[in-house]
2 protein chains.
Amino acid sequence: MRQIIEERTGSHSRHPASSEPHIAHMRFTAHATVLHEGDPARRIMEVVEGAVMLTKLLPDGRRQVVELLGPGDVFGLAACDVYACSAETLTAAIITTHERGALDRDPTLAARLLRRFEAQLCAMHSHALVLGRMSALERVAFFLLRLTPESVVGSTLHLSMTRQEIADFLGLTLETVSRAFSELKRRGLVALLRADEVKIHDHGSMRRLAGAA
Amino acid sequence: MRQIIEERTGSHSRHPASSEPHIAHMRFTAHATVLHEGDPARRIMEVVEGAVMLTKLLPDGRRQVVELLGPGDVFGLAACDVYACSAETLTAAIITTHERGALDRDPTLAARLLRRFEAQLCAMHSHALVLGRMSALERVAFFLLRLTPESVVGSTLHLSMTRQEIADFLGLTLETVSRAFSELKRRGLVALLRADEVKIHDHGSMRRLAGAA
DNA sequence: TCCGCGATTTGATGTAGCTCAAGCTTAGAG
DNA sequence: CTCTAAGCTTGAGCTACATCAAATCGCGGA
């Protein structure tokens, strides 16, 4: 069905499409680097399948996971001519790319990306509220409720992120994230089947914690 | 030159275009509410002139200013069918609106908005890094360096926001913002001509504080 | 099965920024 | 010019989260 041309693994996949502009889809393993903040921004990318995180670094090494992406989401953006964020896969993933010029030539593509940008911008607005104004417990509750439908298997959520990655997404430390999970468990709002498998028991309380958003 | 049809003042201007879809441009005074979070999302809006802030509220009243907009920036977005943020003018402003359906019909408009969405999404990514990982002093330095060119008069910046608004943008309290201004002044990085007029003396140090971004 | 290592949890202590509480500054009205 | 009120600054103490430091868990390989 889908045209899969290349297989990329590990972290050796820097701006993979730049040298082979004809490639339509690329397959990545989990924990692969798709592109680096600061590299020349040649193409716009789209998640076809899997999960990707966008990160930004400060010179001293502090990291922020700025966005979590699922199928349909767009990345590889640039304010000037270099990528504004790095992108890493969280799971095995399939990525497709578009030439930047194609946005002007292909109105259908433009319309689709426009819709997706709107959704992603709204998600960023919510995230700003989380980062700027919510307590640690509220942030973790919000995070669990916002996990993509893809990560829900039966009634349990599968987190494909470490505590450190969650912490970097929520603007916390890994210890604080861990304590928040324990506190939610202690209060009976969730059960931790394993470190990366969560079952939500009390959706109402969780939603109240997360700001009823 | 520009077609100005309506004059709106104060906070009585709720989704002003919804009942008069033929209106192209609207003029607002400073501190006017352009639209409310949660109202039906009928139109997409664009800042023509002036400055607008987008805010989100939590049920208990905590507020986050999620985005600061200048000429060309787009707002009035919705993840579902209601506006995700409220919008208030910071200065006198001129706003234009587009029917949501026009995005599909008008490829030129779509292309323009696409470019702007990309820029705004990149700005949100930076803002996430600020909110999630920067100290109070760094946030304020970042804020001062990112003020729109419009607010720069000669060599001094004119802040059209109160300490509370800046605090809500940076995820701080107004006291902490005030202390950060005082600290920057004490260190000789800026001069405070008035509460709302700042002159940057040491751009290098400011840029270093703001993460050299 | 046992071992080893990375990830997680938990505990003890430190601190940046929040909260509460005065004063101070400034612009606008009378 | 004086008065007032809104906004700003500064101080003192508190608290949520960070930091530092051990355990403990759990999975892949021998």
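Residue numbers begin at 1 in each chain, while the letters A, B, ... track the order of the sequences.
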For atom CG of Leu137(B) and atom C1' of dG17(C), their distance in whole Å:
12 Å
Please determine whether a side-chain nitrogen of the Lys or Arg among Asp168(B) and Arg133(A) lies less than 4.0 Å from a carboxylate oxygen of the Asp or Glu.
yes
Would Arg112(A) and Glu46(A) pass as an ion pair if we require N to O under 4.0 Å?
yes
DNA chain C: 5'-proximal contact among Arg133(A) and Gln164(A) (nearest heavy atom):
Gln164(A)
Between the side chains of Glu175(A) and Arg179(A), is the shortest nitrogen-to-carboxylate-oxygen separation below 4.0 Å, so that they form an ion pair?
no
Of Ser135(A) and Arg194(A), the one whose closest DNA chain D nucleotide lies more 5'
Ser135(A)
Nearest-Å distance for atom pair CZ/P, residues Arg179(A) and dA12(C)
11 Å
Touch check for Thr162(B), heavy atoms < 4.0 angstrom, all strands: base, sugar-phosphate only, or nothing?
sugar-phosphate
Does one side chain, of Glu67(B) or His125(A), offer a donor that lies under 3.5 Å from an acceptor on the other?
yes
Would you verify whether the NZ or CZ of Arg43(B) falls within 45 degrees of the ring axis of Tyr83(B) while also being under 6.0 Å from that six-membered ring's centre?
no
Please determine if a side-chain N or O atom of Ser182(B) lies less than 4.0 Å away from the OP1 or OP2 oxygen of dT10(D).
yes
OP1, OP2 of dG17(C) versus side-chain N and O of Thr176(B): anything below 4.0 Å?
no
How close or far is atom C1' of dG23(C) from atom CD of Glu175(B), stated in whole angstroms?
14 Å
By nearest nucleotide on DNA chain D, pick out whichever of Gly171(A) and Leu193(A) is the more 5' one.
Gly171(A)
When rounded to whole Å, the CG to P distance for the pair Leu192(B) and dG7(D) reads 18 Å
If only side-chain N and O atoms of Arg163(B) are considered, is one of them under 4.0 Å from the OP1 or OP2 phosphate oxygen of dT9(D)?
yes
Think Thr173(B) has a side-chain N or O under 4.0 angstrom from the OP1 or OP2 of dC18(C)?
yes
Whole-Å gap separating P (dA16(D)) and CZ (Arg62(B)):
13 Å
Between atom CD in Glu197(A) and atom P in dT8(C), what is the gap in whole Å?
13 Å
Nearest to the Leu172(A) side chain among dA18(D), dT19(D), dC8(D), which nucleotide is it?
dA18(D)
Leu174(A) CG to dA18(D) P, straight-line distance once rounded to whole Å
10 Å
Rounded to whole angstrom units, what separation is found between the CG atom of Asp196(B) and the P atom of dT9(D)?
10 Å
